[in-house]
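Some notes on the structure that comes next.
Since the structure is predicted, the reported quantities are computational estimates derived from the model, not experimental observations.
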Amino acid sequence: MTDVWLGLDLGTQSGRALAVSASGELVGQGSRRLASRRDGPRHEQVPEAWWQALAASCRDAVRGLDPTSIRGTALCGTSGTILLVDADSGEPLTPGLMYDDTRAVAEAGRVQEAGGELWAELGYRIPPTWALPKLVWLVQEHRDLLPRARLAHQPDLVTRRLVGREVPADTSHALKTGYDLLHDTWPREVLAKLGVPEDLLPEVVLAGSRLGTVCAAAAAETGIPEGTPVVAGMTDGCAAQLGAGALHVGSWNSVLGTTLVLKGVTPELLKDPNGVVYSHRSPDGGWLPGGASNTGAGVLTKEFPDRDLDELGARAAEREPASVVTYPLAGQGERFPFTAPEAEGFALGEPADEADHFASLLQGVAFIERLCFDYLDLLGASIGGELSFTGGGARSRYWCQLRADVLDRPVRLLDNAEGALGMAALAAASVRGMSAADAAAELVRVREVIAPRPDRVPRFRAPYLRLVDELERRGWLVSHVANHARRRAAG
């Protein structure tokens with residue numbers, strides 16, 4: 001057996017472990033379900049379940065492998081998920097407040113006001129879903145715990161268990177807790193204004209740094225050999241970007257799952273005056289800008305529950321373009337390529353039948369994806385490099401072709417692009433002393449490149465611009481962004 005790298009992934013619905021060889025071959029995997037508690041704006045998980053799910057997944061992934069072949073591991077988690085743990089033992093003191101928990105609306109306003117100048121310098125605004133407003137809420141609600149508490153991001157609890165002692169957080173997960181990536185420090189003056197004790201904050205290291213090695217107790221529970229290096233990971237979106245091999249300037253990864261997430265690479269920090277796009281630090285240097293839309297494949301399951309989506313997609317292929325233009329927002333509010341908390345989905349006209357309706361949803365998501373790239377181009381980002389499609393939506397060959405036509409650019413489909421693979425690549429890069437881009441290039445396998453169909457590309461320009469016009473008319477899309485989209489469409 002050649003070297004094996006173990007990538008770990010904590011998602012919303014499951015914990016996953018993936019073992020891959022040095023050439024990217026899948027040699028082991030495991031997965032366990034995770035449950036959530038939802039109550040209005042609150043979304044929590046039991047932190048102990050994260051460890052149990054990953055431990056069991058690891059046992060499955062490494063079963064039958066030569067222990068001496070396992071060279072390193074790294075972990076990604078959901079961005080903005082935090083809790084308080086006991087500073088001495090690392091045991092959870094609170095539930096895990098998940099990435100989309102929105103209880104801290106009032107606290108988000110305070111956070112934005114307290115650090116307005118810094119957030120402007122970093123190029124983003126602070127919404128309630130970010131970790132820092134939730135941390136302020138935790139401090140207010142659990143003052144009795146503060147003398148013995150430490151802030152932990154979702155992966156911090158697991159990496160501490162793996163190593164057997166307190167370990168630093170990584171820059172990627174710390175971003176939404178307010179960590180200053182430009183000056184590589186916690187913004188202590190801002191946090192003091194918010195009443196966050198300094199000794200509550202963990203040390204932070206760059207993603208890809210070594211945190212330690214797997215301890216004997218963790219080895220017994222996970223099956224990962226004692227002494228295996230543990231590497232500081234990244235958030236799930238960044239991990240997916242690594243798993244797609246999209247790590248060179250100008251390259252982008254578009255993750256189409258329940259929502260649509262775009263992430264790319266820039267040599268300098270990409271500043272967005274509207275706070276729509278924010279950037280992580282790359283383990284190779286440079287920056288990883290991106291944004292997440294509230295449109296995505298989630299609208300399909302909402303509108304067509306328990307239906308054969310592939311069969312509907314085949315029928316939708318005959319409607320290019322659909323007779324109606326749809327903005328396929330599953331819930332309320334948009335965050336990328338514009339911020340509009342009041343935004344709601346709409347359709348311009350009445351579809352002829354369900355195939356027409358389904359086609360309009362597929363096309364609407366593709367139109368928003370195109371508008372995202374128009375916005376990134378307006379900000380000055382390089383967008384002309386390789387584009388990869390990942391996420392559940394990439395399993396639909398037709399939808400990928402449609403999106404390539406709407407974007408008028410070739411796209412890559414990959415054999416196995418997921419966050420766990422990205423973490424395997426990051427572990428390999430750290431242990432072998434190479435760039436994450438080079439490590440990912442060895443592990444990522446391109447299955448197919450889809451080219452836009454020249455006869456179809458022009459069909460989608462008019463409906464795309466009709467959507468842009470309507471978004472501007474409703475006051476959600478500002479005029480200079482709409483005008484830039486029109487100029488790009490005109491060539």
Side-chain angles (χ1 to χ4, degrees), residues 1-22 24-35 45-78 81 90-92 96 152-165 167 170 173 207-208 210-236 239-240 242-243 416 418-431 439 443:
M1 177 68 69
T2 62
D3 292 345
V4 172
W5 308 100
L6 190 63
L8 310 181
D9 178 14
L10 273 173
T12 308
Q13 299 180 350
S14 67
R16 180 157 169 74
L18 201 69
V20 295
S21 71
E25 179 186 1
L26 178 64
V27 296
Q29 60 183 316
S31 180
R32 292 294 188 279
R33 298 286 296 176
L34 289 168
Q45 286 187 347
V46 177
E48 184 62 28
W50 301 336
W51 171 253
Q52 297 297 334
L54 279 182
S57 299
C58 288
R59 291 194 297 269
D60 291 346
V62 304
R63 185 174 293 120
L65 297 179
D66 177 359
T68 64
S69 70
I70 301 173
R71 298 285 312 284
T73 187
L75 166 66
C76 67
T78 52
T81 298
E91 294 301 310
H153 306 91
Q154 187 181 37
D156 299 344
L157 179 136
V158 175
T159 52
R160 180 169 183 161
R161 293 275 186 93
L162 285 172
V163 174
R165 56 172 172 77
V167 294
D170 64 81
H173 287 93
R210 289 208 204 185
L211 299 177
T213 60
V214 174
C215 67
E221 290 194 63
T222 64
I224 306 173
E226 182 180 359
T228 300
V230 178
V231 174
M234 305 189 77
T235 60
D236 48 2
L242 267 67
N416 182 25
E418 57 178 287
L421 179 65
M423 291 299 90
L426 187 61
S430 177
V431 173
L443 300 186

- Looking only at heavy atoms, which two atoms of V214 and A219 are closest? And how far apart? CG1-N, 3.8 Å
- Message: Can you give me the closest heavy-atom contact between G208 and S430, atom names plus distance?
- Response: O-OG, 2.9 Å
- Query: Can you tell me how far OG1 of T2 sits from CD of E25, rounded to the nearest 0.5 angstrom?
  - Reply: 8.0 Å
- Note on the structure: In this structure, CD1 of I70 is separated from OG1 of T68 (nearest 0.5 Å) by 8.5 Å
- Look only at the side chain of H173 and the backbone of G77, and say whether a donor-acceptor pair between them is shorter than 3.5 Å. yes
- Closest heavy-atom pair and its distance - G15, S57: O-OG, 3.1 Å
- Task: May I ask you to decide if L6's main-chain N or O and T73's side chain share a donor-acceptor pair within less than 3.5 Å?
- Result: yes
- Query: How long is the gap from CZ on R16 to CG on L8, to the nearest 0.5 Å?
  - Reply: 11.0 Å
- Message: Distance check, rounded to the nearest 0.5 Å: H153 atom NE2 versus T78 atom OG1?
- Response: 11.0 Å
- Query: Taking the side chain as C-beta and beyond, is there a heavy-atom pair between L18 and D9 under 4.5 Å?
  - Reply: no
- Pairwise distance CG(L34) to CD(Q52) - rounded to 0.5 angstrom: 11.0 Å
- So which of D156, T159, L75 actually passes side chain to side chain contact (heavy atoms under 4.5 Å, CB included) with L211? T159
- Task: Compare every heavy atom of A74 with every heavy atom of A427, then report the nearest pair and how far apart it is.
- Result: CB-N, 4.0 Å
- Query: Distance from S21 atom OG to L26 atom CG, nearest 0.5 Å?
  - Reply: 9.0 Å
With a 3.5 Å cut-off and sequence neighbours excluded, list the donor-acceptor pairs that the side chains of residues 221-235 form with protein atoms.
from: E221; atom 1: OE1; to: W51; atom 2: NE1; distance (Å): 3.1
from: T222; atom 1: OG1; to: A218; atom 2: O; distance (Å): 2.8
from: T222; atom 1: OG1; to: I224; atom 2: N; distance (Å): 3.1
from: T228; atom 1: OG1; to: P225; atom 2: O; distance (Å): 2.7
from: T235; atom 1: OG1; to: S172; atom 2: OG; distance (Å): 3.4

- Message: So does G11 get a backbone contact from the side chain of Q154, meaning a donor-acceptor N/O pair under 3.5 Å?
- Response: no
- E91 bridged to R160 by N-O distance under 4.0 Å: no
- Message: Please find the pair of heavy atoms, one from M423 and one from C76, that lie closest to each other, and give the distance.
- Response: CG-N, 3.6 Å
- Query: Taking all atoms of both residues into account, what is the closest heavy-atom pair of A19 and L65, and its distance?
  - Reply: CB-CD1, 4.0 Å
